[in-house]
Amino acid sequence: MPDWLTHVLVGYALATALAAVRGEIERRHVTLAMTGALLPDASKLSLVVPSDAVSAALGVPFEWFALHTLPVTVVLAAAIGVLLPAEGRRLGVGLLLLGGLSHHALDLLLLQPSGYTYPVLWPLSTFQAPSADLYQSSDRAPALVAGCLALVAAFVRSHALDRPGPARETRDGGESVPSTTDDGTA
Amino acid sequence: MEETGHADVVLRAATLIVLGGVTFGLLVWYGRVAGRFAAVAGLVTSGAIGTSDVTSVAFGTASPPAVAATVRDLAAAAADGASISTVGAASDWRALAIRADWEERYMYGVSALAATWLWLRLLRDWRFEVRSLRLVPRSTEDDRDA
C-alpha cells in the first residue's frame, strides 16, 4: 500500500471533484469516499493480531490479507451501506466503492517484491498481473501528487459552488451546501 | 421516512451477521490458499548489510525462514530488523528495495496523520446510533429529531 495519507487524499480528491458536478454529494459523502479508500487496509489488522495467532486460536487457516481484495472490499462497503440511512444509501455505497477502487488502483502500481501484483480479484480470479513497480509504500511522491490533486479538486469544487449550477442543488434533506468549500482542512 | 422500527433493526442486524459471516469465511478460505500466491518479503536477520556486501537475508516470518537468499551489491545499507524486499523471482533478483528507518517512520507518521484526519471527519459528519443500529448524518439530525 502507499501510505494512508495518499489513499485518503485520493479518495478526497475524487469525491470532491465529483461533488463539483453532482450536487447531492456533500461533505459527509466525501468522508465516506475517504473511508472507502482505507477499507482494503483493514487487512492491516494483521499488525495488531497476526493471522497466525488468529489461526492458532481458532484452529482454522486464517489470513487477514483477504480483506485486501476487491470482492471483499465490496462486501465491506455493503456492510457499511446497511448502516447508512435508506435515503442516500446508494450514493453512500457508491462513494465507498469509489474510494475502495482508488485504493486498489494505487496498490496495483506498487513495487512488488515478487514482481507480481496481489490477486486483487480473489476469490473470483487468482490472476496476478506483473507489477508496475512505480513506487514503494514509503515514497514521498505519491502523497505529494495526491495532495496537489486534492487541492485542485477543492478549488474546482469551491468555484462550482460560487456559480449557479448542479453543485448548488441539494437533494439530501435540503441541507444547504457550504459557500466556500466542503472541507476546511484540505 | 427513516427506518427506525424494530423489524428494520432486526433486518439490519441479520444482514450484518450474514455479511460478517461471508467475510470471515473468505478470510479462512484465503488462509488455505495464500501460499499459492507470489509474495516475497522479509527482514534482515543475519547482520548489517552494506554496499557491495554479500549477506544472507532470510525471508518470511516462519522459523526457520521459508526462503533464504543471498543479496549482492546493495545500493543502500540496512541493519538487523530493517524491512527488506526484493523484486523478481527468488532465483533471479532484478532489484532490491531497502526501506530506511526514517522512511518507515515517515510512512507510519503520515498514515497516522491521515487516520486522525479521517477519524475527526467521521466524528463530525456521522454518529452511530446503537439503539437503531445505524449511522446518522449529523447535519440532518436536527431535522430528524424535530
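Note that this is a predicted model, so its numbers are computed, not measured. Naming: A, B, ... by sequence-line order, numbering from 1 per chain.
Considering OH of B:Tyr30 and OG of A:Ser51, their distance stands at 10.0 Å, rounded to 0.5 Å. Put simply, OG on A:Ser55 and CG on B:Leu27 are 11.5 Å apart, with the number rounded to the nearest 0.5 Å. Annotation: the span from A:Leu84 atom CG to B:Arg134 atom CZ amounts to 11.0 Å, rounded to 0.5 Å. Note: A:Leu67 CG to B:Leu26 CG = 9.0 Å, rounded to the nearest 0.5 Å. Note that the CH2 atom of B:Trp117 and the OH atom of A:Tyr12 stand 6.5 Å from one another [nearest 0.5 Å]. Note: A:Arg27 CZ to B:Arg124 CZ = 3.5 Å, rounded to the nearest 0.5 Å.
With a 4.5 Å cut-off on side-chain heavy atoms, A:Arg28 and B:Arg138 do not count as touching. Looking at A:Leu58 and B:Phe24, their side chains come closer than 4.5 Å, going by heavy atoms from C-beta outward. Looking at B:Val136 and A:Pro85, their side chains never come closer than 4.5 Å, going by heavy atoms from C-beta outward.
With a 6.0 Å radius and a threshold of 12 heavy atoms from other residues, nucleotides or ligands, A:Arg140 has its CZ atom above the threshold. When the shell of 6.0 Å around CZ of B:Phe128 is examined, it contains more than 12 heavy atoms from other residues, nucleotides or ligands.
When hydrophobic clusters are built by joining Ile, Leu, Val, Met, Phe, Trp and Tyr residues whose side-chain heavy atoms come closer than 4.5 Å, directly or via intermediates, B:Leu122 is grouped together with A:Val30. B:Val22 and B:Ile17 sit in two unconnected hydrophobic clusters of ILVMFWY residues. Membership requires side-chain heavy atoms under 4.5 Å apart, directly or through other members. Linking Ile, Leu, Val, Met, Phe, Trp and Tyr residues whenever their side-chain heavy atoms come within less than 4.5 Å places A:Leu109 and A:Tyr118 in a single cluster. When hydrophobic clusters are built by joining Ile, Leu, Val, Met, Phe, Trp and Tyr residues whose side-chain heavy atoms come closer than 4.5 Å, directly or via intermediates, A:Leu91 is grouped together with A:Leu98. Both B:Trp29 and A:Leu121 are part of a single hydrophobic cluster, where members link through side-chain heavy atoms under 4.5 Å apart.
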Working note: A:Trp4 + B:Leu113, criterion side chain to side chain contact (heavy atoms under 4.5 Å, CB included); need CA distance, chi angles, decisive distance, verdict.
CA-CA 8 Å; A:Trp4 280 3; B:Leu113 180 70; over 6 Å; no

Test side chain to side chain contact (heavy atoms under 4.5 Å, CB included) on B:Leu16 and A:Leu83; report intermediate values, then the result.
CA-CA 9 Å; B:Leu16 284 175; A:Leu83 299 174; 3.6 Å; yes

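Nearest heavy atoms, B:Arg32 versus A:Pro61: CG-CG, 3.5 Å. Pairing each heavy atom of A:Thr31 with each of B:Leu118, the nearest pair is O-CD1, 3.9 Å. B:Leu19 and A:Ala78 get closest at one heavy-atom pair: CD1-C, 3.9 Å.
Side-chain contact of B:Ser111 with A:Asp3: a donor-acceptor pair under 3.5 Å is absent, judged by distance alone.
Top candidate by heavy-atom pairs under 4.5 Å with chain B, chosen from A:Val72, A:Thr35, A:Leu38, is A:Thr35. In terms of heavy-atom pairs under 4.5 Å with chain B, the best-connected choice from A:Ile80, A:Leu32, A:Asp139 is A:Leu32.
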